Peer 1: 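Handing you a structure now.
Whatever order the structure lists them in is the order used to number ligands and atoms, beginning at 1. All figures in this text were calculated on a predicted structure; none of them were measured in a lab.
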Amino acid sequence: MAEQRPIVTEKQSDVAIVRITRPEVLNALNLATRKALAATFTELQDDPEVRCIVLTGDEKAFAAGADLKEMVDADAVEIAKRRTERYWQAIARTPQPVIAAVQGYALGGGLELAMICDIIVAGENAQLGQPEVRVGIMPGAGGTQRLTRAVGKFHAMRLCLTGRPISGREAYEIGLVSLVVPDDEVMATALKLASDIARLPPLAVTSIKEAILQGENASLDAGLALERKAFQLLFASEDRREGMNAFIEKRKPQFKGK
Ligand code: CAA
């Protein structure tokens, strides 16, 4: 029997929902799923109606990591030739904010995928971790890098070296996720955040995202310069004038994305 589509995309007004749909393997990320995610995000980047994206799985799993059945017989050359980083780069390059809505397992490549997103909403009982060490490998798509930047050396070492997952609640306490909510409120919370963001002036939103991400890898001086230039450039936008005038005239702003 042919496998169903590995992801499904739905649009709710100006928010796109991208759902990983391989429940029979806890949304393990095989190559077909990675390619489908990259193609979908590349398409959404060019859709001016999409202002924010929610990436999710189902109640049991966001994604339980790379598909181990596709890795078990691969050698180092085969793994290198797959160049799977290009699929995640397509997501990382998305200018609109991406919110990961995480219920259940977000393990290995699944947590790495969540960490590529800009905001993570997790359920109290989600299980987040980097278990690669337990199968003789190590994180290969950000687990030693993005995780360390998010939570610092000592939590990253504990997670990567033991492979033991932590709950959504603990992930929130160490700064790995933006919000923790009861499990059955994850999607509603992520969608509310997304629609709030979608209503804000898109040029300001995408400039903020760009400045935070670019600044993470720059010196403070370079980051501040980049922020200052982006701030100055926003004064060229119609939405900046509309936002400020609406405030002064005590009315609701009408943003146009210009
Ligand atoms: N790859 C392939 N199949 C997976 C999978 C994965 N990562 N995770 C789960 N599955 C499959 C299981 O094989 C099982 O399939 P069958 O019914 O055909 O046996 C099905 O999903 C359900 O899983 P379990 O029966 O194991 O469910 P459980 O509730 O007992 O345990 C779990 C859940 C703790 C998440 C467990 O499935 C597990 O440990 N999975 C592997 C997690 C992991 O090691 N992830 C990291 C992968 S390496 C990686 O991610 C590297 C990278 O990107 C660079």
Peer 1: Does either side chain, that of Glu10 or that of Gln12, offer a donor lying less than 3.5 Å from an acceptor on the other one?
Peer 2: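 The criterion, which ignores hydrogens and geometry beyond distance, is satisfied for Gln12 and Glu10.
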Peer 1: Gly109 to ligand 1: N or O pair under 3.5 Å?
Peer 2: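 Yes, there is a polar N/O contact under 3.5 Å.
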Peer 1: Relative to ligand 1, is Ala66 under 4.0 angstrom through side chain, backbone, both or neither, heavy atoms considered?
Peer 2: both
Peer 1: Report, in ascending order of atom number, the atoms of ligand 1 lying under 4.0 Å from any heavy atom of Gly108.
Peer 2: 50 (O)
Peer 1: What protein heavy atom lies closest to atom 37 (O) of ligand 1? Include the residue and the distance to one decimal.
Peer 2: Leu26 CD1, 3.8 Å
Peer 1: Tell me, with the steps shown, if Ile212 and Glu227 meet side chain to side chain contact (heavy atoms under 4.5 Å, CB included).
Peer 2: CA-CA 8 Å; Ile212 291 176; Glu227 178 191 71; over 6 Å; no
Peer 1: Around Glu210, counting heavy atoms of other residues, nucleotides and ligands shown, do more than 12 lie under 6.0 Å from its CD?
Peer 2: no
Peer 1: Please state which option from Lys69, Arg22, Arg34, Gln127 has its nearest heavy atom closest to atom 16 (P) of ligand 1.
Peer 2: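 The residue whose heavy atom sits nearest atom 16 (P) of ligand 1 is Lys69.
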Peer 1: Tell me the nearest of Ala64, Gly110, Pro165 to atom 8 (N) of ligand 1, using heavy-atom distances.
Peer 2: Ala64
Peer 1: Determine if the distance from atom 24 (P) of ligand 1 to the closest protein heavy atom is below 4.0 Å.
Peer 2: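 For atom 24 (P) of ligand 1 the answer is no, since every protein heavy atom stays at 4.0 Å or beyond.
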Peer 1: Give a yes or no on whether atom 40 (N) of ligand 1 lies under 4.0 Å from any heavy atom of the protein.
Peer 2: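 So atom 40 (N) of ligand 1 lacks protein heavy-atom neighbours under 4.0 Å.
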Peer 1: Among Glu85, Glu24, Arg134, Met71, whose heavy atom sits nearest atom 20 (C) of ligand 1?
Peer 2: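 It is Glu24 whose heavy atom sits nearest to atom 20 (C) of ligand 1.
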Peer 1: Testing Ile119, Leu128, Val102 one by one against Val177 for a side chain to side chain contact (heavy atoms under 4.5 Å, CB included), which residue passes?
Peer 2: Leu128
Peer 1: Evaluate Ala141 for polar contact with ligand 1, using N/O atom pairs at a separation under 3.5 Å.
Peer 2: no
Peer 1: Indicate whether atom 1 (N) of ligand 1 is within a distance of less than 4.0 angstrom of some protein heavy atom.
Peer 2: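 So atom 1 (N) of ligand 1 has protein heavy-atom neighbours under 4.0 Å.
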Peer 1: How far apart are the C-alpha atoms of Glu216 and Gln214, what are their side-chain angles, what is the distance that settles it, and do they pass the side chain to side chain donor-acceptor pair (under 3.5 Å) test?
Peer 2: CA-CA 5 Å; Glu216 259 193 325; Gln214 294 295 317; over 6 Å; no
Peer 1: Measure from the side-chain N and O atoms of Arg19 to the backbone N and O of Gly57, and report whether any donor-acceptor pair falls under 3.5 Å.
Peer 2: yes
Peer 1: For Glu170 and Arg158, run salt bridge (Lys or Arg N to Asp or Glu O under 4.0 Å): C-alpha distance rounded to whole Å, both residues' side-chain angles, the deciding distance at 0.1 Å, then the answer.
Peer 2: CA-CA 13 Å; Glu170 193 188 339; Arg158 173 172 61 106; 2.8 Å; yes
Peer 1: Could you check whether any side-chain heavy atom of Leu203 comes within less than 4.5 Å of a side-chain heavy atom of Arg240, counting everything from C-beta outward?
Peer 2: no
Peer 1: Is there any N or O on Met138 that sits under 3.5 Å from an N or O of ligand 1?
Peer 2: no
Peer 1: Identify the closest protein heavy atom to atom 21 (O) of ligand 1: which residue and atom is it, and at what distance?
Peer 2: Val25 CA, 3.2 Å
Peer 1: Of all the atoms in ligand 1, which lie at a distance below 4.0 Å from a heavy atom belonging to Glu132?
Peer 2: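 Numbered from 1, ligand 1 contributes 48 (S), 49 (C), 50 (O), 51 (C), 52 (C).
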Peer 1: Going by a strict under-4.0 Å cutoff (protein heavy atoms only), does atom 30 (O) of ligand 1 have a neighbour on the protein?
Peer 2: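 There is no protein heavy atom less than 4.0 Å from atom 30 (O) of ligand 1.
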Peer 1: Do side-chain atoms of Asp183 reach the backbone of Asn125 as a donor and acceptor pair under 3.5 angstrom?
Peer 2: yes
Peer 1: State the atoms of ligand 1, each with its element, that fall below the 4.0 Å cut-off from a heavy-atom position in Asp67.
Peer 2: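 Those of ligand 1 that fall under 4.0 Å from Asp67 are 1 (N), 2 (C).
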Peer 1: Report yes or no: does Leu107 have a heavy atom closer than 4.0 Å to ligand 1?
Peer 2: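 Right, Leu107 reaches ligand 1.
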Peer 1: I'd like to know whether Lys258 forms a salt bridge (Lys or Arg N to Asp or Glu O under 4.0 Å) with Asp239, so could you lay out the CA-CA distance, the side-chain angles of the two residues, the decisive distance to 0.1 Å, and finally the verdict.
Peer 2: CA-CA 6 Å; Lys258 291 185 183 165; Asp239 283 348; over 6 Å; no
Peer 1: With heavy atoms of Gly140 as the reference, note each atom of ligand 1 found under 4.0 Å away.
Peer 2: 54 (C)
Peer 1: Given Gly129, Gly65, Gly142, Pro131, which has its nearest heavy atom closest to atom 43 (C) of ligand 1?
Peer 2: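 Considering heavy atoms of Gly129, Gly65, Gly142, Pro131, the nearest to atom 43 (C) of ligand 1 sits in Pro131.
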Peer 1: Of Leu113, Leu107, Ile120, which meets side chain to side chain contact (heavy atoms under 4.5 Å, CB included) against Phe62?
Peer 2: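 Only one option passes, and that is Leu113.
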Peer 1: Decide, yes or no, whether a salt bridge links Arg251 with Glu242 under the criterion of side-chain N to carboxylate O below 4.0 Å.
Peer 2: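 Result for this pair is yes, salt bridge flagged.
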